[in-house]
Visitor: 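Quick one: structure below, then a few questions.
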Amino acid sequence: MEQSLDKGLKAAQARFTGGLSPIALAAAYSDWALHLSSAPGKQMELVEKAIRKTARFAHYAGTCALTPKSGKTCITPLPQDKRFRDEHWQQWPFNVMSQAFLLNQQWWHNATTGVEGVTSQHEDVVTFATRQILDVFSPSNSPLTNPEVLAKTMAEGGMNLIRGWQNFLEDASRAQAGQKPVGTEDFEVGRNMATSPGKVVYRNRLIELIQYAPTTDKVRPEPILIVPAWIMKYYILDLGAQNSLVKYLTAQGYTVFMISWKNPDANDRDLGMDDYLSYGVMEAVRAANTITDGQKIHAIGYCLGGTLLSIAAATMARDGDDRLQSMTLLAAQVDFTEAGELTLFINESQLTYLEDMMWEKGYLGSDQMAGAFQLLRSNDLVWSRVIHDYLMGERSEMNDLMAWNADATRMPYRMHSEYLRRLFLKNDLAEGRYFVGDQPIAITDIRVPVFMVGTERDHVAPWHSVYKFNLLSDTDVTFVLTSGGHNAGIVSEPGHPRRHYRIRTKAKDDPHTGPDSWVEETAPVDGSWWPALTDWLDKASGAPVKPPQMGAKAKGYAPICDAPGTYVFQE
C-alpha cells in the first residue's frame, strides 16, 4: 500500500510536470548554485562579462539611435538560431531588442557552464533548462516585439491574429479530443503512404512481418530484413511512392522483409527487452531465412531498431548462428555515453520518476514521448509554430514525414525501463555487461561487414555517438555521414535536392580515426546515399536468381493479409 501511495503521488505530479522530475531538476540547480556560491573567481568573471556586455550593448544602442540601419552588430546568433534572420530585425528598435536578448542569453550560458565541481550531467541540465526559460521571453515570441508579426498585422488589418486564434482553438480542440494535427487527414496509410505491395507472412503478439512483392524479374538470393524502432511506425521507410526505401530496394532487385511492431497497451506492460529480441528480431530472422530457403540475411536496423539488431547480431555471433550476411545500422547507437540531449533526462531520479509515471498505466503514452522530443527542439517545434500558426495566422503545409511523425506509438512499462537503465544509464551493451540469457554479449563478436549511417544534424542519435561503433567493433565498417537530421537524413531518396554525404570504409585491422579527423579527410559527395548502400549490398550478395514465393505455407508462413497489415493501424 505504501509503495502504491508513493508511485501514485508521483504519477499525479507527472501530469503537471510533463514527466520531468522536479527533484532531479532541483538537484541539478542546487549543485550549480552551491558550487557557484563558493567560487568567487567565477563570480568576478561573470561580473566582468556583464560589465563588458553592458558597455558593448550601450555603444551599439547609441549607434543605432544615430544610425538606425547600422549593419554592425555586437553579437551574432548561433548558426542554428533562425529567429532574427529576417531583414525586419535589422531595423530600430527591433535590432536593439534582439541584440539585448542574445547578449543576455550568452551571459547565462557563461554563468551555467564552467563552474568547477558541478557534474557534467547537472551542468547540461541547468544550461538546457535555463535556455528553455530564456526562450520564453524572446522578443520573437511576442506580437508586440516581433516586427514580422507587426508588419503582417498592419498589412492585413489584424486578420492574421484572428486566423491565428482560430488555428489555436482548432489545435486545442483536436488535442483535447486526441485527434491528429490538421492536414494529417490528407495522408492515409494504405492509400498514399505505406503502399508498397506485399503480404503479412507472420504475426505474433509483438510483430507482423511483411514480405514485399518483387518488382524485378530476378532478385539477389540474400533477402533484406528491416528492423525499425519500436518507438515509431515502420512506414517511415515506406512513406510515399517517391521516397520509399522499400520501393527503392525492391527496384534494385532485393527481396525485402519489414517488421511492423504492435502498438502496446496496458496488457503488454510486462514485455521486456528480451521479448522484443526473441519475439521481434529473432522470429523475423527465422521467418525470412525459412521463406528464402535458408539464404543468409542482409539485416538493416533503424534508430533503436538498429540497437536491438546489434544485440541480436552479437547474440548470434556468440552462439555460432551464421544466418546474417551483413548488417546496416541507420542512425543507431551501441554506446550511449554521448547520446545527445536525451541524456539530460537520464539519471536515477528522473528514471524512477518516469517508471512511477508509467506504473499507473502500464505504458508510456505517445503524447508524453512526443512532448520530450519537442522540448529538445523547442525553437523549431514549439516557438516557431506559435509564431507561424498563431501570430502570423498561417498554416504549415503538411507533408508525409510530418504526418508519419504525428502517428505516434506507446512503449511498455518494463521494456522502456529496461532499455533506459541498461543502455542509457548503465551503458551495459558497450561495456560488456548486457546479458542475453545467462551470458553477456559483446559487439566485438560481430564479424559480418557493417554499413553505418549517421546524420549531420541528428538530435536523437548524434553522429559522433553513432561513429563510436568503430571503437567497439572488430569487423569491416563502412561509415556514411549524410546531410539532414534523424529522420530526413535517412529518408533521402535519389533526386532529393541539396543532399550530400561522405563515405569511407575502415577495415578491421586499420588504425582508428577520430570522427572530426574523419570528416576533414573524407570528401563530400553530392546526392543521396541510397545508391551507395545498394552498391555495397551488391558486392556482398550472390548472383540474381528467381524471386522466392510470397510466404511459405508448407513451412508455417502462409500469407495472412495484404500489406501494410493490421498492427500499423493501432492507435
Side-chain angles (χ1 to χ4, degrees), residues 196-204 206-228 234 237-238 244-261 277-301 305 308-328 446-451 475 533-565:
S196 294
K199 299 285 186 182
V200 173
V201 295
Y202 176 72
R203 178 190 292 147
N204 63 27
L206 195 53
I207 70 166
E208 288 183 333
L209 183 66
I210 301 171
Q211 179 184 355
Y212 290 96
T215 59
T216 54
D217 294 335
K218 290 188 176 183
V219 299
R220 299 286 180 170
E222 299 85 1
I224 290 174
L225 170 63
I226 302 178
V227 183
Y234 83 86
L237 300 176
D238 186 29
S244 167
L245 180 60
V246 169
K247 182 179 179 181
Y248 180 79
L249 292 173
T250 55
Q252 303 306 307
Y254 283 94
T255 299
V256 178
F257 292 85
M258 174 84 78
I259 290 176
S260 174
W261 298 100
L277 178 63
S278 58
Y279 289 123
V281 179
M282 298 315 299
E283 286 294 337
V285 167
R286 181 180 295 109
N289 178 256
T290 300
I291 292 171
T292 56
D293 295 325
Q295 292 290 340
K296 291 187 178 183
I297 296 167
H298 294 302
I300 298 178
L308 187 62
L309 176 60
S310 300
I311 293 171
T315 303
M316 295 169 73
R318 181 198 68 185
D319 298 340
D321 186 340
D322 64 351
R323 288 177 291 176
L324 293 186
Q325 179 76 0
S326 73
M327 182 170 71
T328 297
I446 299 173
R447 292 293 188 270
V448 298
V450 175
F451 188 96
T475 188
L533 170 61
T534 52
D535 288 346
W536 183 84
L537 290 172
D538 287 347
K539 294 174 183 177
S541 302
V545 298
K546 182 181 178 180
Q549 297 294 316
M550 296 295 288
K553 184 176 180 180
K555 299 176 182 179
Y557 295 104
I560 299 171
C561 64
D562 290 333

Visitor: Check V219 against P214 and note the closest heavy-atom contact, atom names and distance.
Guide: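 Taking V219 first and P214 second, the nearest heavy atoms are CG1-CB, 4.3 Å.
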Visitor: Give me the atom names and distance for the closest heavy-atom approach of A251 to T216.
Guide: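 The answer is O-CG2, 3.6 Å.
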Visitor: Under the side chain to side chain contact (heavy atoms under 4.5 Å, CB included) test against Q211, which residue among M258, M550, K199 passes?
Guide: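 One option only clears the test, and that one is M550.
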Visitor: Would you give the length of the straight line joining atom CD1 of I224 to atom OH of Y212, rounded to the nearest 0.5 angstrom?
Guide: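 Nearest 0.5 Å value for the CD1-OH distance: 12.5 Å.
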Visitor: To check you understand the geometry: which heavy-atom pair defines the closest contact between K247 and S244, and what is its length?
Guide: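 Distance-wise, the nearest heavy atoms are N-OG, 3.0 Å.
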Visitor: To the nearest 0.5 Å, how far apart are CG in L237 and CG in L245?
Guide: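 Going from the CG atom of L237 to the CG atom of L245 covers 5.5 Å.
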Visitor: Looking at CD of E208 and OH of Y234, how far apart are the two atoms once the value is rounded to the nearest 0.5 Å?
Guide: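 The CD atom of E208 sits 9.0 Å away from the OH atom of Y234.
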Visitor: If you measure from CD1 on I297 to OG1 on T292, what distance do you get to the nearest 0.5 Å?
Guide: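 The distance works out to 6.0 Å.
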Visitor: Take H298 and F451, measure what side chain to side chain contact (heavy atoms under 4.5 Å, CB included) needs, and give me the verdict at the end.
Guide: CA-CA 10 Å; H298 294 302; F451 188 96; over 6 Å; no
Visitor: Closer than 3.5 angstrom, by distance alone: can the side chain of R220 be matched with the main-chain N or O of G542 as a donor-acceptor pair?
Guide: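 Yes, R220 side chain to G542 backbone: donor-acceptor pair under 3.5 Å.
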Visitor: What's the shortest heavy-atom distance between T255 and P548, and which atoms?
Guide: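 Closest approach of T255 to P548, heavy atoms only: OG1-CD, 3.4 Å.
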Visitor: Could you tell me whether Q549 atom CD has more than 12 heavy atoms of other residues or ligands within 6.0 Å of it?
Guide: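 No, because the 6.0 Å sphere around CD of Q549 holds 12 heavy atoms or fewer from other groups.
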Visitor: Heavy atoms only: give me the nearest V200-G565 pair and the separation to one decimal.
Guide: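 Looking at all heavy atoms of both residues, the closest pair is CG2-CA, 3.5 Å.
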Visitor: To the nearest 0.5 Å, how far apart are CD in Q252 and CG in L537?
Guide: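 Separation between the atoms: 10.0 Å.
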Visitor: Working note: D321 + V285, criterion side chain to side chain contact (heavy atoms under 4.5 Å, CB included); need CA distance, chi angles, decisive distance, verdict.
Guide: CA-CA 11 Å; D321 186 340; V285 167; 5.7 Å; no
Visitor: Is K555 atom NZ crowded by more than 12 heavy atoms from other residues, nucleotides or ligands, each under 6.0 Å away?
Guide: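 It does: K555 NZ has more than 12 such atoms within range.
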Visitor: Give a yes or no answer on whether the side chain of T475 reaches the backbone of V448 with a donor-acceptor pair at less than 3.5 Å.
Guide: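 Yes: the side chain of T475 pairs with the backbone of V448.
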Visitor: For Q325 and A540, indicate whether the former's side chain and the latter's backbone hold a donor-acceptor pair under 3.5 Å.
Guide: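 Confirmed, Q325 side chain pairs with A540 backbone.
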Visitor: Out of I210, I291, V227, which residue meets the side chain to side chain contact (heavy atoms under 4.5 Å, CB included) rule with F257?
Guide: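 For F257, the side chain to side chain contact (heavy atoms under 4.5 Å, CB included) test succeeds with only one of I210, I291, V227, which is I291.
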Visitor: Do NZ/NE/NH1/NH2 and the carboxylate oxygens of R447 and D322 come within less than 4.0 Å?
Guide: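 Salt bridge flag = no for D322 with R447.
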Visitor: I'd like to know if the side chain of Y254 and the backbone of D538 have a donor-acceptor N/O pair within less than 3.5 Å.
Guide: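 Judged by distance alone, yes, a pair lies under 3.5 Å.
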Visitor: Decide yes or no on side chain to side chain contact (heavy atoms under 4.5 Å, CB included) for Y202 and I207, but give the supporting numbers first.
Guide: CA-CA 8 Å; Y202 176 72; I207 70 166; 4.2 Å; yes
Visitor: Give, for atom CG of L277 and atom CD of E283, the distance between the pair rounded to the nearest 0.5 Å.
Guide: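 Separation between the atoms: 10.5 Å.
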Visitor: Can you see which heavy atom on T328 is nearest to which on W536, and at what distance?
Guide: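 Closest approach of T328 to W536: OG1-CZ3, 3.8 Å.
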Visitor: Under 3.5 Å, is there a donor-acceptor pair between the side chain of W261 and the main chain of P228?
Guide: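 Present.
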Visitor: Counting N and O atoms only, with roles assigned by atom type, does the side chain of E222 sit under 3.5 Å from a partner on the main chain of K296, one being a donor and the other an acceptor?
Guide: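 Pair absent, no side-chain N/O of E222 close to backbone of K296.
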Visitor: Run the side chain to side chain contact (heavy atoms under 4.5 Å, CB included) check on L225 and L209 step by step: do they pass?
Guide: CA-CA 9 Å; L225 170 63; L209 183 66; 3.9 Å; yes
